[in-house]
Amino acid sequence: MGIGDTFDRLCRPFEGPNTIGNTRRFWIGFVVVVLALLGYPIGFGGYAASSAALYLLYAILGLSLSIIWGYTGILSFGQVVFFGIAGYSFALISMNLSSTLTTMLALPISVAVATIASLVLGYFMFYGEVRDVYVTILTLVVSIVMNTFMAQTAGSEWTVGSVALGGFNGIPAIPSLTFSVGDASVVLDGSSFYWFTLIALLVVYLGLRALVNGRFGYTMVATREDEDRTEMLGYDVRRIKLLVFGLGGALAGFAGVLYATWGNYVSPSVFGITFASIPVVWVAVGGRRSLLGAVVATVVIEWFRQQLSATGSQYAMVIVGAVLLLAILFVPEGVIPRLNVALLNVRDRSETTPDSPDGTPE
Amino acid sequence: MNPLNLLFLFADNFAFIVLSAVGLAVIFGMMGVINLGHGEFIMIGAYGTTLSANAGVPLPLAMVIGVLVTAVMGFVLERTIIRRLYDRLLDSMVATWAIGLILTQGVRIALGNSIPQISTPLGTIAYGEFSYSTYRVVLSVVALAVLAGLYVLFTRTEFGIRARATIQDPDTARALGVDTDRMYTSTFVIGSALAGLTGALYAPTLTVVPGMGSSFLVEAFVAVVIGGPSVLLGTTLSGGLLGVIDALFTNLYGTFFGQIAMLLTAIVVIRLLSNGLTGLVEDVRNRMEGE
Amino acid sequence: MCLYAISVSRMNDGRSGPSRRSFLATGGTVAGAALAGCLTGGGGSGGKDTVTLGILEDRSGNFALNGTPKYNASMLAIDELNDDGGILGKQIETFAPDPQSDNKRYQQLTRQAINEEQVDALWAGYSSATREAIRPIIDQNEQLYFYTTQYEGGVADSYTFCMGATARQQLGMVMPYLIDEFGTDIYTIAADYNFGQISADWVRVLANEHDANVIGEEFIPLSVSQFGSTINNIQDADPDFVMALLVGANHTSFWNQRTSAGLDLPFGTSTVMAQGYQHKRLDPPAMKGVYGGFNYMQEVPTDRNQDFVDRYYEKYPDAPYVNEECVNNYFSIKMYAQAAESVGSTNQEDIIAELEKGMDVSAPEGDISLQGKVHHMTHDMRVFRCDENHDIHVMEEHKIPEQFLSDTVGVNLRENDQTKQYVPADYFEAADATRE
Amino acid sequence: MLECEELSAAYDTTLVLRDVDLTVNDGEIVGVMGKNGAGKSTLMKAIIGLLEPKSGVVRYEGEDLAGTNANERANVGIGYIPQGRDVFPSLTVEENLLIGESVNRERDHDLYDEVYRYFPILEERRDQKAGTMSGGQQQMLAIGRALVGNPDLLLLDEHSEGVQPSIVEEISENLRDLNADLGTTVLFVEQNLGAIQDMADRCYAMERGRIVDEIGSDELQDEDAIASYLAV
């Protein structure tokens, strides 16, 4: 058995009809890109890495929407709710109990809080027979409610332990993620934060690939395609939706913790309508039925927005809006799936001998 | 607590909620499109009105211009963008969000961060130690008139009946000779015009700036989500319910609690009534007819 | 070689405690950072033949109305300096992106300004929220930073210089005047966020100091644009005057609404008119009877100011107004240049030390001075009255220093480094929000 | 009056109609029979224009209908009665009928009187919401709605489905009368043997998307001959 076969076997759990890129060629490219990304801070320095880390953690937020919207057919504007809740929880826990151990513990606890919040909201919606587009509006309303509420917590009565919620100003000076064993501790900052985020994103991406190409993934897709029929086949559709929503909440929450530690800051604007809409934009442009699309679109769009804003041009937002419109109108299935098809076509034309092991049907 | 204060406050809230929501509700209820650029449509109406008034056009006429400008914009957007997205409702949300982004910043680039504002007409009603703006009382009357007008339009005119048929079953309507494309265009234009009307009406009382649209969104979305499927009835009922709650709590405990009470009410309604307030009314009606 | 050079220059920064840009030196990032330094060609500020100033002001988004004049005035000051030969004979370059009123973007751009653009000094942000979002990054990098908005006060930060008047300076100007003129019953309406809450605390402190009473207080969320109940409540309480600490576009709607509701009381303020030129934007008589305590309005009737205003409009003929923050940005850039010239370098640590000695500044508002110990300005404060035609009159004028940090708290940043914001509630019983 | 030539249609990539040839002459009542899934409804949709054909031609009064929308086809005089009693449930009976006015723009007059004469129940229930009526009544409404505009050709999609046999009989009778009185041409698809025998002048048989047989009026009475096309 050659090294190629071993490689293929390693990739197999992550392959299937629900994701793009089921060829050896894809995985080789994937490994090359990952290695390049790992080397990025060494080539470009801590500042560049810390900028990029923001896009990577956003990509986790994008993925959380991709599985909910793209794979299960529930459009949620509420991913930022769990993102923000986890960010705030992390701030409150880590700042109230400031020791390296509690900072470390604050991460899982905050993710758990966000997960519970998403399960509660999900239960409320899916078991309360809230349907289709009403789920979308409801999640949007929940974001707006959180935004309104948190913006009004400026008074000193809104203090949790020793930490003021701070209203519109938010909570500054949140500690960075710190991992400690015994006396040794590592503060995630600059490049190390980047590496941590990159690996987290990688794990999440591969994990979700395995999930959507597995049994549960098929039931998710079945739910998206035809809820009634899935139910008739004996699946508990409400439970499926709830579980996916909870998973999305957990991922969004994880991204939220990373976000809070990235800027050492969290404010109600994470619940605002602008930020609430942005994940939808990432996923719509990248291709909602493609995990890779969500990741790439998130990183590219956010990088692009940042570059535009750095130019100081007043046309920045107009350009962003126009690019989105064009993408929605002319590449409805998403940029990445379109590119994928284009690439496959090019290769089909250039290659006459089908030597690649990509037998998996799309 | 002065009962007149409470009454005025309620009328004020009712008008604001109804007018914030009605354009959004028509487009959503009739077409299923969630217009995330709704706030910006309102902003365009306000700009049309304020700029016309500043140019010397009498205020009522300036308001008409504001409405027309928004309606024309709605027409153009529907013809060029929205119509391509009818079978992709979620994409239409992204598109309207992008339109909103472009409108806000486009207006900022074209007209600056602020334009001279117009003052509120019609003077004051005084009672006891209190006084209230006459114009704001007029607004609540206008809100009722808008609802009544829409009721007549959608239930008493052939256009309205065709529009309702289109939303219920577009294929069948088309197969029976209804030009559904035109129905969609008209509905979107009407929704846009209503948003423009809201902007026109509030232009003399609010600060007209490029970002003003966002101040209507909370009320608009909350009203639509708890109103339920029947657009007009839903908007009226949410305006009424939320208006009372907001007025009462604001009067008793201040603005903050007014807002929070309103949002909590919305959450309770959503949980208890999956078809919103109109669903409740239908249930009650059916039950009464059943007996 | 390059790596060595950078390390040396950083060592030479030599302040006790963590060195400037020390965070870059953690873990494996030294090499990367040094490499980045080489790639961008910057070897610290000392070796460059230009001076780079970071100007992060909002030209889009919610705060564009306030941010644009700040940006304009900064560019005016920099152009004037460059025309006069720059700073230390070097031309001034700017890094001036548009943070779009988004604090997250401010954080990104602040890091970019410090780490990539290597700015020698930074001006950034309109709102207190922005300042608090970026201050940790500023402090971590020991970056010289000027915050130029009038604000609630209390920031004692070794790297931050607060150029705007504080709430205590502004309210301390206008409140005694209003109490003298109209009476002692005060009703406060304030924006419901940090700035508004702390400002309202100051209203109570100052009322207490002048034997007046706050008979009612209402905090209004920033998202609220309907003021029917607020107007009712004010009429119900029947105060002698109202302190209006309103902020933002939504709150500007208050003035039209109170006028059309016939609420004809005197209003005191530290926020409206001088920042958002409501008296220019709104139809008279919306701002009639509004008294502001500010260091500056475009209408300041001096020749020096007229000259400044003329220069501003010459560069920006379409600009709507020259506001308070405009002037703060303008004079602080000039002040920075003055400090750099007298130190003879743009080394940030040296300039901070120089500024901490205190400095006299000839600003468009008048001759003012920097209080080195607390990094705040003694401003030339005035009571401005707006009449029914929206003409502005100066009613009173005198210099007021920053007092809270210097007198009450006893901060001395020359001696002790810190990065804290103090609040009045910790020092005044009247300001303690847990009262009653 | 109506001709289909080599008409093929598909949902996504699944071909449902294959090279269908069919002719309806002026004044005829023509049936198309076939089992569930034979492609009958698809044929109706392709004719009215709700489904874009993959290939082939639909000709009405000698004119190729390619490139015209469903509403335009209705406007020139084709009345469509969808399967499954697709009335507008929350519109009243009268409002439903009003929608039918868009059919056949070039008519001389509305046929409300005739509709109410054939289906008196509709007049009785004028103000009732259509969704609250029984299946048979809804079927009558759907037919009445298509008739109000005085169409030249009626397309009728399985009017027997889910309706009591006695009502089906009544409806079939009414349609025959109508054809006789007004000269309205009718093309209907059906799998109910009785309905086909009651109404059709002649009939096509359809299997798996193809027309497999044409049956004249005499043969139609021979139950055994046609049952094979219908039996499950």
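Quick note on labels: first sequence line is chain A, next is B, and so on, each numbered from 1.
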Between the main-chain N or O of B:Arg174 and the side-chain N or O of D:Asn71, is there a donor-acceptor pair closer than 3.5 Å?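 Side chain of D:Asn71 to backbone of B:Arg174: no pair is present.
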Between the main-chain N or O of D:Ser90 and the side-chain N or O of B:Gln168, is there a donor-acceptor pair closer than 3.5 Å?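 Side chain of B:Gln168 to backbone of D:Ser90, a donor-acceptor pair under 3.5 Å: yes, one is there.
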Does atom CD of D:Glu52 have more than 12 heavy-atom neighbours from other groups under 6.0 Å away?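 At most 12 heavy atoms, drawn from other residues, nucleotides or ligands, come within 6.0 Å of this atom.
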Considering residues, nucleotides and ligands other than D:Arg117, do more than 12 of their heavy atoms fall under 6.0 Å from its CZ?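 Yes, the 6.0 Å shell around CZ holds more than 12 heavy atoms from other groups.
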Taking D:Leu98, D:Asn75, D:Ile48, D:Val103 one by one, which has the highest count of heavy-atom pairs under 4.5 Å against chain B?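 Highest number of pairs under 4.5 Å: D:Leu98.
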Out of D:Gly49, D:Gly79, D:Gly100, D:Pro89, which one racks up the most heavy-atom pairs below 4.5 Å with chain B?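 It is D:Pro89.
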Positive for side-chain contact (heavy atoms from CB on, under 4.5 Å) with D:Leu91, one of B:Asp169, B:Ile161, B:Thr155: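 So, applying the side-chain contact (heavy atoms from CB on, under 4.5 Å) to D:Leu91 and each of B:Asp169, B:Ile161, B:Thr155, only B:Ile161 qualifies.
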Please report the shortest heavy-atom distance between B:Leu176 and D:Ala74, naming the atom on each side.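 That would be C-CB, 3.6 Å.
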Exercise: identify the closest heavy-atom pair between B:Ala165 and D:Phe88: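 For B:Ala165 and D:Phe88, the tightest heavy-atom pair comes out as O-CE2, 3.3 Å.
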Does either side chain, that of B:Arg162 or that of D:Ser102, offer a donor lying less than 3.5 Å from an acceptor on the other one?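 Looking only at side-chain atoms, D:Ser102 and B:Arg162 do form a donor-acceptor pair, the distance falling under 3.5 Å.
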Separation of B:Thr180 OG1 from D:Asn69 CG (nearest 0.5 Å):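 Interatomic distance, D:Asn69 CG to B:Thr180 OG1, rounded to 0.5 Å: 7.5 Å.
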Given B:Arg164 and D:Ile99, is the side-chain contact (heavy atoms from CB on, under 4.5 Å) satisfied, shown in steps? CA-CA 10 Å; B:Arg164 279 158 60 214; D:Ile99 299 296; over 6 Å; no
